[in-house]
Q: 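Please find one structure pasted underneath; my questions will follow.
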Amino acid sequence: MTDVVSKAAEVLAEHRSSIDRLDAILVYTLGERFKHTKAVGKLKAAHDLPPSDPAREADQIARLEALAKEANLDPEFAKKFLNFIIAEVIQHHQKHQKHQKHQKHQT
């Protein structure tokens, strides 16, 4: 290998190592986030609150878009990403509500 190719391979390995580390951070961060949204879903179900909060969701999307701009991340990508997460959270909340209603009918 030439010095240029060897150096390129070294830089590539460093980037890949950083990407792998960041992927792990993302996964653990999402796990932590869903732990909290699961608790919120159970709380909402216990108090018959709607699974969706459109005003909060709109605020979160606007906040995330601003953060994305600060981080030099495409705000549209950030918006799509948050919308995906919100849809997943709402689905979980709806599941908790169905479970809660089922339990109330059994007692």
Q: Would you mind reporting whether K42 and H93 have side-chain heavy atoms less than 4.5 Å apart?
A: no
Q: Ignoring hydrogens, what is the shortest heavy-atom contact between I61 and N83? Give both atom names and the distance.
A: CD1-OD1, 3.0 Å
Q: Do V40 and K44 make a side-chain contact, defined as non-hydrogen atoms from C-beta onward lying under 4.5 Å apart?
A: yes
Q: What's the separation between atom CG in L67 and atom CD in Q60, rounded to the nearest 0.5 Å?
A: 9.5 Å
Q: What is the minimum heavy-atom distance between K69 and P75, and which atoms define it?
A: CG-CG, 3.6 Å
Q: Do I85 and L30 have side chains that approach each other closer than 4.5 Å (heavy atoms only, starting at C-beta)?
A: yes
Q: Any heavy-atom pair between the side chains of L43 and H47 that's under 4.5 Å?
A: yes
Q: Examine F81 and V89 and state if one hydrophobic cluster contains both, with Ile, Leu, Val, Met, Phe, Trp and Tyr joined whenever side-chain heavy atoms are less than 4.5 Å apart.
A: yes
Q: Quick one: does any side-chain atom of E57 pair with a main-chain N or O of D53 as donor and acceptor, under 3.5 Å?
A: yes
Q: Under a 4.5 Å cut-off applied to non-hydrogen side-chain atoms, are D23 and I19 in contact?
A: yes
Q: Search all heavy atoms of L64 against all heavy atoms of A78 and return the closest pair with its distance.
A: CD2-O, 3.3 Å
Q: Please check this pair: side chain of T37 against backbone of F34, looking for a donor-acceptor N/O pair closer than 3.5 Å.
A: yes
Q: Closest heavy-atom contact between Q94 and P51?
A: CG-CG, 3.7 Å
Q: Within the structure provided, determine whether I90 and I86 are in side-chain contact (heavy-atom separation under 4.5 Å).
A: yes
